[in-house]
Amino acid sequence: MERNLLVGGFGGQGVMMLGTLLAQATCESTDKHVTYFPSYGAEMRGGTANCYVVISDDEIGAPIMDACEDLIVMNDPSLHKFIGKLKAGGTLFTNSSIVTSDPGRDDITVVKAPVTEMALEMGNPKVLNIIMLGVYIGYTQVVSEEVILEGIRNKIGKKKPQLLPLNEEAFAKGLEIGKAARK
């Protein structure tokens, strides 16, 4: 098994944190091989940022792929920039709160989640990435939800323990969406 993921969005939407959390948690708690490749470029808060995560049962030859099985887009510019990298039969995960463009493809599965709206309803817009991570894990089951929860506890719980319950709740809400979309 090898799963290639590209995550794209505005700087400040937690794109890098989503990728880092997925990669670190998987690396620390499973025997899978993982690569994480962030792409900051000239983009900062407000610009388009992206990262690649590859999770595999076997050694990984290169950290960047020409095509990916999974694509998470948090905004329309990322959809337009990266939709061509998604393989036929792949899965597109969109932040439907702000991604309004049609992907223009009928050979992919689209999983929509209003993560910005949900994060605002939870009182903290910064958890939108954790909600989307939950959607991704709930749908793909690329690693167990316990692996990611442990990663959230290690990364967020140690730095900002007061935010841990909110992030755990955000992840759980995302899991529900992902699992429902899989059925």
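Numbers here are sequence positions counted from 1. This one's a predicted model, so the numbers in the text were calculated from it and none came from an experiment.
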Heavy atoms only: give me the nearest Ser78-Gly8 pair and the separation to one decimal. OG-C, 3.2 Å

Val127 vs Leu163 side-chain heavy atoms within contact, under 4.5 Å: no

Checking Thr140 against Phe93 for the side-chain contact (heavy atoms from CB on, under 4.5 Å) test, could you report, in this order, the C-alpha distance in whole Å, the side-chain angles of both residues, the deciding distance, and whether it holds? CA-CA 11 Å; Thr140 65; Phe93 299 85; 3.9 Å; yes

Are Leu149 and Glu168 close enough that some pair of their side-chain heavy atoms sits under 4.5 Å apart? yes

Under a 3.5 Å distance rule, please check whether Asp76 uses its side chain to pair with a backbone N or O of Thr100 as donor and acceptor. yes

For Ile148 against Val143, the heavy-atom pair lying closest together: CD1-CG2, 3.7 Å

Contact between Leu164 and Ile152 at the side-chain level, heavy atoms closer than 4.5 Å - yes or no? yes

Indicate yes or no: at least one non-hydrogen side-chain atom of Tyr139 is less than 4.5 angstrom from one of Thr109. yes

Rounding to 0.5 Å, atoms CG (Asn4) and CD (Glu69) come to a distance of 4.5 Å

Look up atom CG in Asn124 and atom CG in Leu166, then write down how far apart they are to the nearest 0.5 Å. 5.5 Å

Would one find more than 12 heavy atoms of other residues, nucleotides or ligands at under 6.0 Å from atom CD of Gln162? yes

Check against side-chain contact (heavy atoms from CB on, under 4.5 Å), Met132 and Gln13: CA-CA 11 Å; Met132 185 60 86; Gln13 286 184 307; over 6 Å; no

Would Glu145 and Lys179 count as a salt bridge (charged side-chain N to carboxylate O under 4.0 Å, His left out) here? Give the steps. CA-CA 11 Å; Glu145 54 194 78; Lys179 289 176 180 178; 2.9 Å; yes

4.5 Å side-chain heavy-atom contact, Asn167 and Lys160: no

Worked verdict on Met1 versus Lys32 for side-chain contact (heavy atoms from CB on, under 4.5 Å): CA-CA 10 Å; Met1 180 283 305; Lys32 296 185 183 303; 3.6 Å; yes

Which atom pair, heavy atoms only, marks the closest approach of Pro103 to Leu92? CB-CD2, 3.7 Å

Decide yes or no for Ile83 and Ile108: does some side-chain heavy atom of the first lie under 4.5 Å from some side-chain heavy atom of the second? yes

From CA spacing to verdict: salt bridge (charged side-chain N to carboxylate O under 4.0 Å, His left out), Asp66, Lys85: CA-CA 6 Å; Asp66 292 328; Lys85 289 194 174 270; 5.5 Å; no

Minimum heavy-atom distance Cys27-Val34, with the two atoms named: N-CG2, 3.9 Å

Between Leu5 and the options Ile55, Thr91, Leu22, the side chain to side chain contact (heavy atoms under 4.5 Å, CB included) test singles out Leu22

Should the heavy atoms of other residues, nucleotides or ligands under 6.0 Å from CG of Asp107 be counted, would the total exceed 12? yes

Can you name the closest pair of heavy atoms from Ser101 and His80 and give their distance? OG-NE2, 3.1 Å

Anything under 30° is parallel, anything over 60° is perpendicular, the rest tilted; go ahead and classify Phe37 against Tyr52. tilted

For Ile131 and Met122, run side-chain contact (heavy atoms from CB on, under 4.5 Å): C-alpha distance rounded to whole Å, both residues' side-chain angles, the deciding distance at 0.1 Å, then the answer. CA-CA 11 Å; Ile131 298 169; Met122 292 180 71; 4.1 Å; yes

Under the ring pair (Phe, Tyr, Trp, His ring centres under 6.0 Å) rule, what pairs show up with a residue in residues 152-178, not counting sequence neighbours? none

Between Met118 and Val135, is any pair of side-chain heavy atoms under 4.5 Å apart? no

Interatomic spacing from OH in Tyr36 to CG in Leu21 - rounded to 0.5 Å: 10.0 Å

Does atom NZ of Lys126 have more than 12 heavy-atom neighbours from other groups under 6.0 Å away? no

Within-4.5 Å side-chain heavy-atom neighbours: Gln24 and Asn154: no

Should the heavy atoms of other residues, nucleotides or ligands under 6.0 Å from NZ of Lys173 be counted, would the total exceed 12? no

Please check if the side chain of Arg105 supplies one atom and the backbone of Leu86 the other of a donor-acceptor pair under 3.5 Å. yes

Tightest non-hydrogen contact, residues Pro114 and Asn95, listed as C-OD1, 4.1 Å

